[in-house]
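We name chains A, B, ... by the order of the sequence lines, and we start the count at 1 in each one.
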Number of protein chains: 2
Amino acid sequence: MSVTPKAEGRHHHGALRRALLDAVAEIVLERGPEAVTLRECARRAGVSHSAAAPHFGDKRGLFTAFAAEGSRRLTASMEAALAALPPGADALARLAATGRGYIAFARANPAHFRLMFRTDLLDRTDQAWRAEMQGSFAVLERAMAVLAPRAGARDMRARLALAWSAVHGFCTLRAEGAGGDLWNPDARAAETAEDMVALLVSACAPSPGEAGSA
Amino acid sequence: MSVTPKAEGRHHHGALRRALLDAVAEIVLERGPEAVTLRECARRAGVSHSAAAPHFGDKRGLFTAFAAEGSRRLTASMEAALAALPPGADALARLAATGRGYIAFARANPAHFRLMFRTDLLDRTDQAWRAEMQGSFAVLERAMAVLAPRAGARDMRARLALAWSAVHGFCTLRAEGAGGDLWNPDARAAETAEDMVALLVSACAPSPGEAGSA
DNA sequence: CTCATAAACTGACCATCGTCAAGTTTGGAA
DNA sequence: TTCCAAACTTGACGATGGTCAGTTTATGAG
C-alpha cells in the first residue's frame, strides 16, 4: 500500500528507487519472498519492467539494496533500544536492550528481515551491503564485549553465538510462521520474547566463577 | 552427484521420486534454494521436463515433499542423539542431546534445512508434511516437558522459545553463511555449538527457586 | 530563451521457467 | 494373450529476467 506509483503522464517517476523498494516489501508481506518479481515491482510503481535496471542493475541488485536497507534499520533499532535505557544501565541491561531492539526490528520490518538473510538472493560482494551488515554485527559484538571483557575467546564466541542465535532464531521462526500457536497471538509473542530475553541475558552473564567485573 | 539418472533407452525411470529429491538437494548445495528448477531437476534425473508432475504435482509439491523428508530426518537425528545417551541420563542431558541432534541434522542436511522452513515455498495444507513437522516439534516439546514439569505455562513457553530459537538460529545463521568467520572453520563451529548448548541448557534449567525435581 | 548533454524510461527480443493437454510406452492384472 | 492404469514424453502457452537500441525528460551552460 505504501508504494507510490508514477504520476499519470509524467515520464520521470522522481522517487523510483524508493517506490521499488517499497514494492518489494509489499509483495513479501502479501505473498512471500518467492513471489517478488522485477516486473511486479515495476507494475506497482507504475513504470515499465526494465525501469529498475538503471537503479539496481538486476534483480539481485534490488534484493541486495533492500537487504542493505534492512541492515541499516536493524542497526538503528538496536541503537534506539540502547539509547532508551536509563543513564546508568549496566552491561546486562544493555545486552537485553540490544536483543529487544533486534526483535523489535524484525517485528516492525518482517519483509526486510525475511529477505536480508537469504544469502542466495544477494550479491555478497556488494560493498554497501557489506558495510551495513558489519555495522549491525558491530552492535551485537559491542553488546557482548561490554558484558564479559575478561572472558576467553572461546567462551566469548559461545556467548555471542547463543545471544545472536537465540534472538535471530526467535525472529526467524516467528517471521516464517513456524512455531505454530507458540507465539501467534501478538500479545503472547511480546510476552514470550520478553521472558526469553531475560532468560537469555542470565545465561550470558558472567558465570559465578569470574568476578562480576565492570 | 548422488542423483541417479534414468538408464539409457528405458522409458520408466524406476526411482524417479528419489532421484528428483536428490536433485533438489544437489542444486541447493551447488547454487542455493533459489536456483532449484523443476526442469533442472528433471535434467539431472535424465527425464523430460514435466516428468515430475505424476509424482509431486507441481513445484510446490516437490518442495513440500522435500521438506517433509527433512522433518523426518530431523526427528530421527534428535531421537538418535537421545538414544545414544547413557541409561540414567537426567533431564538436562536429554535436553542437551536433543539440541545436539537438531544441530547435527542441520549440519548433515544443509539443503533440507535451508528449504524446510521457507514457508512461502511449501504447501502448508499438505497432510504428510504437517504430520512430519508435528513429529519433530513433539520431540522438542518432550525435551522441555521432562525438564520443568511444574513450571507455569508462561515460563514453559519462554524456555521452549529460548531453546528452540537458539538452536534453530544457530543452524540458520550457519547454513546461510551469515556470522562470517564466527563459526566458519568446521572444528571451531563444532566447539562453539557444544559450548553454546551447554550455556543454553543451564539457562533452561529450573531456576534456583523451584526445587530441582525429577 | 535555446540548446546540448546526461539521466530516466520504453519497447522489443531471447532464453528459460512452470503448467497444461494431449500422446506414447510400460508393467501388471485378468 | 488382452487390456488398463500409471509412468513418462512431447509440444505449446503465458510469464519472467536480462539486454539493448531508441525515445523522452530534466538539467545546466550559453
Enquirer: Round to a whole Å and report the spacing from CZ of A/Arg39 to P of C/dG11.
Expert: 12 Å
Enquirer: CG of B/Asp58 versus P of C/dC17: gap in Å, rounded?
Expert: 17 Å
Enquirer: From NE2 of B/His49 over to P of D/dG11, roughly how many Å is that when rounded to an integer?
Expert: 10 Å
Enquirer: Just how far, in rounded Å, is C1' of C/dG18 from CG of B/Leu20?
Expert: 15 Å
Enquirer: Can you tell me how far C1' of D/dG17 sits from CZ of A/Phe56, to the nearest Å?
Expert: 16 Å
Enquirer: Taking the side chain as everything from C-beta on, heavy atoms only, tell me whether B/Leu21 gets closer than 4.5 Å to B/Leu62.
Expert: yes
Enquirer: Any Lys/Arg nitrogen of A/Arg118 or A/Glu176 sitting under 4.0 Å from an Asp/Glu carboxylate oxygen of the other?
Expert: yes
Enquirer: D/dA6 phosphate, OP1 or OP2: any side-chain N/O from B/Arg17 under 4.0 angstrom?
Expert: no
Enquirer: Any carboxylate oxygen within less than 4.0 angstrom of a Lys/Arg side-chain nitrogen, looking at B/Arg157 and A/Asp195?
Expert: no
Enquirer: Do the side-chain N or O atoms of A/His55 get closer than 4.0 angstrom to the phosphate oxygens (OP1, OP2) of C/dC9?
Expert: yes
Enquirer: Between B/Ser50 and A/Arg60, which residue's closest nucleotide on DNA chain D lies nearer the 5′ terminus?
Expert: B/Ser50
Enquirer: Between A/Leu38 (CG) and D/dT19 (C1'), how many Å, whole number?
Expert: 13 Å
Enquirer: Is the closest basic N to carboxylate O distance between A/Glu69 and A/Arg17 below 4.0 Å?
Expert: no
Enquirer: With nearest nucleotides of DNA chain C determined for A/Ala15 and B/Thr37 from heavy-atom distances, which residue corresponds to the more 5′ nucleotide?
Expert: A/Ala15
Enquirer: Grab the CG-C1' distance between B/Leu16 and C/dT25 for me, whole Å please.
Expert: 15 Å
Enquirer: What is the separation between atom NZ on B/Lys59 and atom P on D/dA15, rounded to the nearest whole Å?
Expert: 18 Å
